[in-house]
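Chain naming here is simple, since letters A, B, ... match the order of the sequence lines and numbering starts at 1 in each. Side chains are part of it too, since the values below use all heavy atoms of this structure and drop only hydrogens, waters and symmetry mates.
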Number of protein chains: 2
Amino acid sequence: MTLPVHHSLAGQAVDALRELVLTGEIPPGARVNEVEIAARLGISRGPLREAIRQLASENLLVLVAHRGAHVPTATREDVRALFELRTALECAAAELAASRRTDADVTRLREVCAESRRTYQAGERFPYRLDLAFHQALLGAARSPHIAEQVRLVQQRVVLLRSGLKDDPPHQHASLDDHDALVDAVAAGDPYRASLTMRKHLARVCAQMLAEN
Amino acid sequence: MTLPVHHSLAGQAVDALRELVLTGEIPPGARVNEVEIAARLGISRGPLREAIRQLASENLLVLVAHRGAHVPTATREDVRALFELRTALECAAAELAASRRTDADVTRLREVCAESRRTYQAGERFPYRLDLAFHQALLGAARSPHIAEQVRLVQQRVVLLRSGLKDDPPHQHASLDDHDALVDAVAAGDPYRASLTMRKHLARVCAQMLAEN
DNA sequence: CAACTGCCAACTGTCGACAGTTAACACCTT
DNA sequence: AAGGTGTTAACTGTCGACAGTTGGCAGTTG
């Protein structure tokens, strides 16, 4: 059996509310009505308020005095600025991964790349899920829990930005090549090249997000 | 007159509790008794619990089910791992600062360096305050609000680690030179050199923190 | 005397209620 | 009719109280 991850209602509320925000069920710009959400989650306002505070410090909500919390709306400039942070973190992760990777890490990375290509060539869109999986695998190889945690938080915010976009556009074929190149650099144990490749990759992804709207 | 920054008690509680943790008044390992702290702050448990949640997601507190919150205790390994994150962020900041700095930024940086030297040569310890000021000034020049925010959070955690150390050791003379070298690289508009210099600086500071205890 | 058991105090987790603020609507004035 | 004003409903901010859990202490038993 699967025990609930969080025993406390506040903990559950964090996950549930995060889900509501990231799926866009509470869209950017919308306010979080405490009584309504609390009722929907079947809890009282106390635990919900604690959850709101936590999500606010994860930058998934914005608090305004006497007006509660609302989901932030993203501007183009926000995307650019956020990717500066993401680049700083993930380039460092790529660098560390190149230094610390094991054979198992490389195998895992190549697996994800292969599955991505299969999915893509099967005619489907390159699913965002596999992109996340790739970056997760890379973080695992980097073995820096603090960096991994921060990347997770930033990726969350990127998901929020994506939810603000009308359509979930297909990842370009280029990303697949980027990922392969990254694995090569990591496998070769070349931190400098890994970092540079990651930087180019993220620049491309960022530009792509900015191109749409 | 200075109005209170936060109108809400929860907001005040965040600041007050953060202060208690960072000054070591609630030392690492100690539990946060909700009724006691709430009484000390003159508020009820509700807002305090919200504050606790927020500080927990800033990694200044650790939550344990049914046992409340306690201040995390740091191991040597934690320091090393945390500095990996700090290095990733501040190297990126140094890089950006070298690209974006204005003359005013450089002037400001040199000012801080000069004051640091004056203070040091006056026989006093190189105060941590001025070290923080330097890094803050550099972040200002980088003009990346998200990176700046994350650095602020990481520096907070470093302060917490420092509070766990018995003594607040004098900064070595080497840090002064590091800072000067950093300003030079930034002033020269050389991102690569700025990043590398920052990396060396932080490696030194980290080693220093690990050496004591 | 050690270990096990049952009780108890302290504390956390949660809820419902009250007070204060905000924003919108209706109403009055000019 | 436009603008200002008073009123009111909705919502947030806060508190006190209750229930459930935890860990320690005393008492008991082998």
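Nearest-nucleotide positions on DNA chain C place B:V32 closer to the 5' end than the other of A:R31 and B:V32. Positionally, the nearest nucleotide of DNA chain C for A:A10 lies more toward the 5' end than for the other of A:A10 and A:R45.
A salt bridge is absent between B:E50 and B:R53: the closest approach of a Lys/Arg side-chain nitrogen to an acidic carboxylate oxygen does not fall below 4.0 angstrom. Salt-bridge annotation for A:R100 and B:E84: present, with a side-chain N of the basic residue lying under 4.0 Å from a carboxylate O of the acidic one. Under 4.0 Å is where a charged nitrogen must lie from a carboxylate oxygen, and between B:D15 and B:R18 at least one such pair does. Using a cutoff of 4.0 Å between basic side-chain nitrogens and carboxylate oxygens, A:E95 and B:R199 are scored as salt-bridged.
Heavy atoms of A:R67 sit under 4.0 angstrom from primed sugar atoms or phosphate atoms, though from no base atom. Within the nucleic acid shown, B:R49 comes within 4.0 Å of at least one base atom, counting heavy atoms only. In this structure, B:G46 reaches neither bases nor backbone, as no heavy-atom distance under 4.0 Å exists between it and the strands shown.
Considering CE of B:M198 and CG of B:L182, their distance stands at 5.0 Å, rounded to 0.5 Å.
In this structure, B:H70 places its NE2 atom 12 Å from P of D:dG23, rounding to the nearest Å.
You'll find the side chain of B:L48 stays beyond 4.5 Å of the side chain of B:L9, heavy atoms only.
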### Task
Show your reasoning for whether salt bridge (charged side-chain N to carboxylate O under 4.0 Å, His left out) applies to A:R31 and A:E36.
CA-CA 11 Å; A:R31 279 179 57 177; A:E36 176 197 334; over 6 Å; no

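Between its opening and closing five pairs, the helix from C:dC1-D:dG30 to C:dT30-D:dA1 changes axis direction by 0°, a value rounded to 10 degrees.
With hydrogens and angles ignored, the 3.5 Å screen pairs no side-chain donor or acceptor of A:S195 with any backbone N or O of A:P191.
With a cutoff of under 4.0 Å to any heavy atom of chain B, the contacted region of DNA chain C is bounded 5' to 3' by C:dC11 to C:dT14.
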